[in-house]
Engineer: 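Pasting in a structure now, in structure tokens, and then I'll have a few things to ask.
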Amino acid sequence: MEYNFKQTEKKWQKIWEEKGTFQVGTDYSKPKFYALVEFPYPSGQGLHVGHPRSYTALDIVSRKKRLQGFNVLYPMGWDAFGLPTENFAIKNHIHPSVVTEKNVAHFKEQLQSLGFSFDWSREINTTDPNYYKWTQWIFLQLFKEGLAYKKEMAVNWCPSCKCVLANEEAAGGVCERCGSEVVRKVKSQWMLKITDYAEKLLNGLDDVNFIERVKTQQRNWIGRSHGAQVKFKTTAGDVLEVYTTRPDTLFGATYMVMAPEHALIEKWQGSLRNMDQIRAYQEAAARKSDFERTEVVKEKTGVKLDGVCAINPVNGKEIPIFISDYVLASYGTGAIMAVPAHDERDYAFAKVFGLPIVEVVKGGDIEKEAFVDCATGIMTNSGFLDGLSVEEAKVKITQWLAEQGVGEKKVNYKLRDWVFSRQRYWGEPIPIVHCPKCGAVPLPEDQLPLVLPDVDSYEPTETGESPLAKMTDWVNTTCPCCGAPAQRETDTMPQWAGSSWYFLRYIDPHNDQALASKEAMEYWLPVDWYNGGMEHTTLHLLYSRFWHKFLYDVKAVTCPEPYAKRTSHGMILGENGEKMSKSRGNVVNPDDIVNEYGADTMRLYEMFIGDFEKAAPWNSASIKGCKRFLDRVWALMDICVAGDIRPELESNFHKTIRKVTEDVEGLKMNTAIAAMMALLNDIAATGSVTREELRTLIILLNPFAPHVTEEMWEVLGFEGMLNQTNWPLYDEAKCVDATVEIAIQICGKVRAKMNIAVDAKGEDVIAAAKAEASIAAQLAGKTVIKEIYVPGKLVNIVAK
RNA sequence: GCCGUUGUGGCGGAACUGGCAGACGCAAGGGACUUAAAAUCCCUCGGUAGCAAUACCGUACGGGUUCGAUUCCCGUCAACGGCACCA
């Protein structure tokens, strides 16, 4: 009997939908399992073969957990605000919500054709006012707690289009739309104080099960360092404050560097004799992004301030001050003390400007390069610090600075506050009213959601304000505080807002009293397993942890960390090994694969393609192997006879059950599939299969290929639906074979093999190995120095 | 530049905690079935030499530790992800 995947897959998808098979009950007595994948941005291009990699993997986990008796929540939704939809709307004069609706419908149809066990009754959409009501509510709580504030920030500005550009739209310093040069313009922006949570975000990592590289990257992104803040007096009278992780090297500070944007420059205007030169340099620096500025390879540039000097507090020496773009305004105090002998960037700068390089830590050769190692060095040329180790010197100088009142111990973070404003239309309106008397006033909660009004044009305004600024009817309102005429905030939120808390909404998606009910939160939180891309590690994942920790502090959620476990999948590349993209012409459409091979084959192939965590190139030819495997499993029904698992296959079955059970937990789907393929080969070699063998095999395969296995279950006449049966158990004792083949090595090289009983004693095995004809011959005339037996693996005889 | 990661046959990949490198699959070659093709089934398949048994080489490159290294350490090269307004 031929297997018709088209008909069968549709049949089961319909049954699952009609019966609500994967709808999650509210039976809170069962153990729960909450599996989460990153919800997609519904782009106009439709689903990409990259999306199902993550979705299939956790679908397999979810289906297996259900078979193991868990109450599983596996939801899906749409992260639908964002730039591409807005740009499409501008170009084609279609409302973004219309575009979104169409894209969502397309995505949903594509996802459903792959047979994912999502609970569609809990579908959410970040652009739905009933959803973003709560996104706005969270913003209000942040505002009330003082974590949302306004600040002047530099943004990318296209002077020709007169609009703010996203970094992506300003790649290479050129406007993506018109090609003109992008400048940095200062604008007042809403900011979120994520830095207040730096310590909590760091410490929380100790309590969660995230893959190590995600933790490392988050730790580095937060970038905690211990050092000192030091005050340098200047000849202008003001104090120039710096942060340093190397206060021990203070005696070696021979000059200072400020970021070109540093506020003191403006204050010192009167004293500075080379203001023209300074202005020119500031303008040049404004055009560069932070990471262009910090590149080490390029020649260091800068301008010496003519008219103001600093005074080194340890020795009273006057030292020059420079501005240079390698110092960033956004890190530390925006100024540094430069110690060229012990910092590579300072060294390079000092060489260019001919500044003195004073060695204060012995151990390197400062004629050649900066000596940066602080583990081994001994202090020198440093007065009362001489002879101390770097660590001792750090402690002593920090104490001294504190005693003198010119510095203090300081913990610093690389993490910067979150720029939360966008001058765009397609985002959540920020629920704030600006009153001339009361200032920024939060909208009362009973006025939420503040609905995004319809506008005629989605183009930003001449001044770079959001398109909402043109909606005077909407903008003009009254102050919720004093009733006087006031104006609404016209900036919108970034796309990160809606995705920072979406997992909370799935657990109680229709609640209009709260984000989710306490009861639902207590049962479902935290997310048990969250899978997503590595590219979201430092932004989305950190932002959502921040919001969650905040919500925990204001008692709006019931646990301190949102995600108990985080894993990451690799990208699926084009057949040529490059990233899939329209412009490269190497995009594979999942619809084509489903049509030609079926959803089960597609799912199996995406899991078999390689190591889940690594990038893997698509290969059309290889898909056939997965189709062939499913066809061979189907064909087993032709040779099926009554009976239990046969003794000669017993250990194969137990080993395979163990392998699949463990590999699914470890996201090693490729080796789980390989194990099932090997089992099929072993069964096929016997020429028949028993009912019980087939039953066990198709339960194991069900999470991977749910349609064909469900159909086989029905054809074979087993009771009920396969997805409601139990996952098979294995017996550790039955996974072992009686004999095992081991290798015999001489000096680490395999020279022979032999079969031994699994429980054979070491000395007997070694004796047997030496008795082996070819081994005996090669050992003749040599002295045995060492004999090693690794149980069940090998014997190694070292001889001379 | 900074942070993180990766590098194994013609290809995707496998290999426990330092223990037989190449599981499983694709492609390729040979054979069976067929009027023929597709499908299916069987065999071979890292390189060099050899009829063969077998020997030597081989996990990006150069060193090191070890009885034994794809695995650990040091260095080099190449590729990929992120760098805060793409998501």
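So you know, we letter chains A, B, ... as the sequences are listed, proteins then strands, and number each from 1. All values below were derived from every heavy atom in this structure, side-chain atoms included, with hydrogens, water molecules and symmetry-related copies excluded.
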Engineer: At under 4.0 Å between heavy atoms, what does A/Val164 touch on the DNA or RNA strands: base, sugar-phosphate, or nothing?
Structural biologist: base
Engineer: What interatomic distance, in whole Å, is found between P of B/U71 and the corresponding atom of B/A60?
Structural biologist: 8 Å
Engineer: Mapping A/Pro494 and A/Lys579 onto RNA chain B by nearest heavy atom, which one lands closer to the 5' end?
Structural biologist: A/Lys579
Engineer: Do A/Trp501 and A/Thr135 pair up side chain to side chain, a donor and an acceptor below 3.5 Å, judged on atom types alone?
Structural biologist: yes
Engineer: The criterion is side chain to side chain contact (heavy atoms under 4.5 Å, CB included); which residues satisfy it with A/Asp343, sequence neighbours excluded?
Structural biologist: A/Arg345, A/Asp346
Engineer: Measuring from the side chain of A/Lys793 (C-beta onward, heavy atoms only), which nucleotide among B/C85, B/C16, B/A14 has the closest atom?
Structural biologist: B/C16
Engineer: Any chance the side chains of A/Arg53 and A/Asn531 put a donor and an acceptor closer than 3.5 Å?
Structural biologist: no
Engineer: For a quick test of reading the model: is some side-chain N or O of A/Asn681 closer than 4.0 Å to OP1 or OP2 of B/G25?
Structural biologist: yes
Engineer: Check every strand shown and say whether A/Glu38 touches a base, only sugar-phosphate, or nothing at a heavy-atom separation below 4.0 Å.
Structural biologist: nothing
Engineer: Once the angle between the rings of A/Trp618 and A/Tyr605 is folded into 0 to 90°, is it parallel (under 30°), tilted (30 to 60°) or perpendicular (over 60°)?
Structural biologist: perpendicular
Engineer: Determine yes or no for a side-chain-to-main-chain donor-acceptor pair under 3.5 angstrom, with A/His51 supplying the side chain and A/His48 the backbone.
Structural biologist: yes
Engineer: What nucleotide among B/C85, B/G81, B/A14 has an atom nearest to a side-chain atom of A/Lys614?
Structural biologist: B/A14
Engineer: Counting the benzene-type ring for Trp, do A/Tyr458 and A/Trp426 have ring centres under 6.0 Å apart?
Structural biologist: no
Engineer: For A/Asp491, run the side-chain hydrogen bond (donor to acceptor under 3.5 Å, both in side chains) check against A/Ser421, A/Ser188, A/Ser466 and tell me which one passes.
Structural biologist: A/Ser421
Engineer: Establish, from distance only, whether the side-chain atoms of A/Tyr326 and A/Thr301 form a donor-acceptor pair under 3.5 Å.
Structural biologist: no
Engineer: According to a strict under-4.0 Å criterion, is A/Arg213 in side-chain N/O contact with OP1 or OP2 of B/G4?
Structural biologist: no
Engineer: If you only use heavy atoms from C-beta on, which nucleotide in B/C85, B/C26, B/A15 is closest to the side chain of A/Thr671?
Structural biologist: B/A15
Engineer: Using only side-chain N and O atoms of A/Asn619, determine if any of them is under 4.0 Å from OP1 or OP2 of B/C11.
Structural biologist: no
Engineer: Using atom P in both nucleotides, what's the gap between B/C56 and B/A69 to the nearest angstrom?
Structural biologist: 15 Å
Engineer: Taking the six-membered ring for Trp, are A/Phe420 and A/Phe139 closer than 6.0 Å centroid to centroid?
Structural biologist: yes
Engineer: Base, sugar-phosphate or nothing for A/Tyr41? Non-hydrogen atoms, less than 4.0 Å.
Structural biologist: sugar-phosphate
Engineer: Pick base, sugar-phosphate or nothing for A/Met571, based on heavy-atom distances below 4.0 Å to the nucleic acid.
Structural biologist: sugar-phosphate
Engineer: So which nucleotide from B/G19, B/G4, B/C24 ends up closest to the side chain of A/Val790?
Structural biologist: B/G19
Engineer: Distance between the P atoms of B/C45 and B/G82, in whole angstroms?
Structural biologist: 43 Å
Engineer: Could you tell me how the ring of A/Trp634 sits relative to the ring of A/Tyr3: parallel (under 30°), tilted (30 to 60°) or perpendicular (over 60°)?
Structural biologist: tilted
Engineer: Expressed as a whole number of angstroms, how long is the span from A/Phe629:CZ to B/C24:P?
Structural biologist: 13 Å
Engineer: Among B/A87, B/C85, B/A14, find the nucleotide with the atom closest to the side chain of A/Trp418.
Structural biologist: B/C85
Engineer: Considering every strand and a 4.0 Å limit on heavy-atom distances, what is the contact class for A/Lys414: base, sugar-phosphate, or nothing?
Structural biologist: base
Engineer: Given B/G4, B/C86, B/G12, which nucleotide is nearest the side-chain atoms of A/Thr216?
Structural biologist: B/G4
Engineer: Can you see if the side chain of A/Lys668 gets near the phosphate of B/A23 - specifically, an N or O under 4.0 Å from OP1 or OP2?
Structural biologist: no
Engineer: Could you work out the separation of B/G7 and B/G12 based on their C1' atoms and round it to a whole Å?
Structural biologist: 15 Å
Engineer: Calculate the interatomic distance between A/Trp634 atom CH2 and B/A39 atom P; express it in whole Å.
Structural biologist: 21 Å
Engineer: B/G22: syn or anti, with syn meaning chi within 90° of zero?
Structural biologist: anti
Engineer: Whole angstroms only, please: what is the CZ-P distance between A/Phe81 and B/C86?
Structural biologist: 17 Å
Engineer: Strictly below 4.0 Å: does A/Asn670 bring a side-chain N or O up to OP1 or OP2 of B/G25?
Structural biologist: no
Engineer: Any chance you could list the contact pattern along nucleotides 63-74 of chain B? Use B for base contacts, S for sugar-phosphate-only contacts and - for none, protein heavy atoms under 4.0 Å, 5' to 3'.
Structural biologist: ----B-------
Engineer: Rounded to the Å, how far apart are A/Ile194 CD1 and B/C85 P?
Structural biologist: 11 Å
Engineer: Within this structure, what is the CG-to-C1' distance between A/Asp663 and B/C24, rounded to whole angstrom?
Structural biologist: 12 Å
Engineer: Give me the distance, rounded to whole Å, that separates B/C42 from B/A49 when you measure between the C1' atoms they each carry.
Structural biologist: 30 Å
Engineer: What is the nucleic acid contact for A/Asp79, judged by heavy atoms within less than 4.0 Å: base, sugar-phosphate only, or nothing?
Structural biologist: sugar-phosphate
Engineer: Using atom P of each nucleotide, how far apart are B/A21 and B/U70 to the nearest Å?
Structural biologist: 9 Å
Engineer: OP1 or OP2 of B/U40 versus the side-chain N and O atoms of A/Arg628: is any pair under 4.0 Å?
Structural biologist: yes
Engineer: Name the stems with RNA chain B in them: runs of three or more consecutive Watson-Crick or G-U pairs, distances under 3.5 Å?
Structural biologist: B:1-7 with B:77-83, B:10-12 with B:24-26, B:28-32 with B:40-44, B:46-49 with B:54-57, B:60-64 with B:72-76
Engineer: Taking only the side-chain heavy atoms of A/Leu415 (C-beta and beyond), determine which of B/A84, B/G81, B/C20 contains the nearest atom.
Structural biologist: B/A84
Engineer: Assign the ring pair A/Tyr132 / A/Phe81 to parallel, tilted or perpendicular, where the plane angle (0 to 90°) is split at 30° and 60°.
Structural biologist: tilted
Engineer: Using 4.0 Å as the upper bound for N to carboxylate O, is an ion pair formed by A/Glu596 and A/Lys624?
Structural biologist: no
Engineer: Out of B/G12, B/C26, B/A55, which nucleotide sits closest to the side chain of A/Ser622?
Structural biologist: B/C26
Engineer: For A/Ile222 and B/G4, what is the distance between atoms CD1 and P respectively, to the nearest whole Å?
Structural biologist: 14 Å
Engineer: Below the 4.0 Å mark, does B/A55 have OP1 or OP2 next to a side-chain nitrogen or oxygen of A/Arg751?
Structural biologist: yes
Engineer: Charged N to carboxylate O under 4.0 angstrom, A/Arg751 versus A/Glu772?
Structural biologist: no
Engineer: Give a yes/no answer on whether the side chain of A/Gln217 brings an N or O atom under 4.0 Å of OP1 or OP2 in B/G82.
Structural biologist: no
Engineer: Quickly work out the A/Glu662 CD to B/A14 P distance and round it to whole Å.
Structural biologist: 17 Å
Engineer: Within the 4.0 Å heavy-atom criterion, would you say A/Glu86 contacts the bases, only the backbone, or no part of the nucleic acid?
Structural biologist: nothing
Engineer: Over how many whole Å does the gap from A/Arg632 atom CZ to B/C26 atom P extend?
Structural biologist: 9 Å
Engineer: Taking any heavy-atom pair under 4.0 Å as a contact, classify A/His540: base, sugar-phosphate, or nothing.
Structural biologist: nothing
Engineer: For RNA chain B, whose closest nucleotide is more 5', that of A/Pro84 or that of A/Thr538?
Structural biologist: A/Thr538
Engineer: Would you mind telling me which of B/G82, B/A27, B/A15 lies closest to the side-chain atoms of A/Glu535?
Structural biologist: B/G82
Engineer: Identify which nucleotide among B/C85, B/C20, B/C24 has an atom closest to any side-chain atom of A/Asn156, counting heavy atoms from C-beta outward.
Structural biologist: B/C85
Engineer: For nucleotides B/U65 and B/C24, find the distance between their P atoms and express it as a whole number of Å.
Structural biologist: 37 Å
Engineer: Look at the rings of A/Tyr502 and A/His540 and say which category their plane angle falls in: under 30° parallel, 30 to 60° tilted, over 60° perpendicular.
Structural biologist: tilted
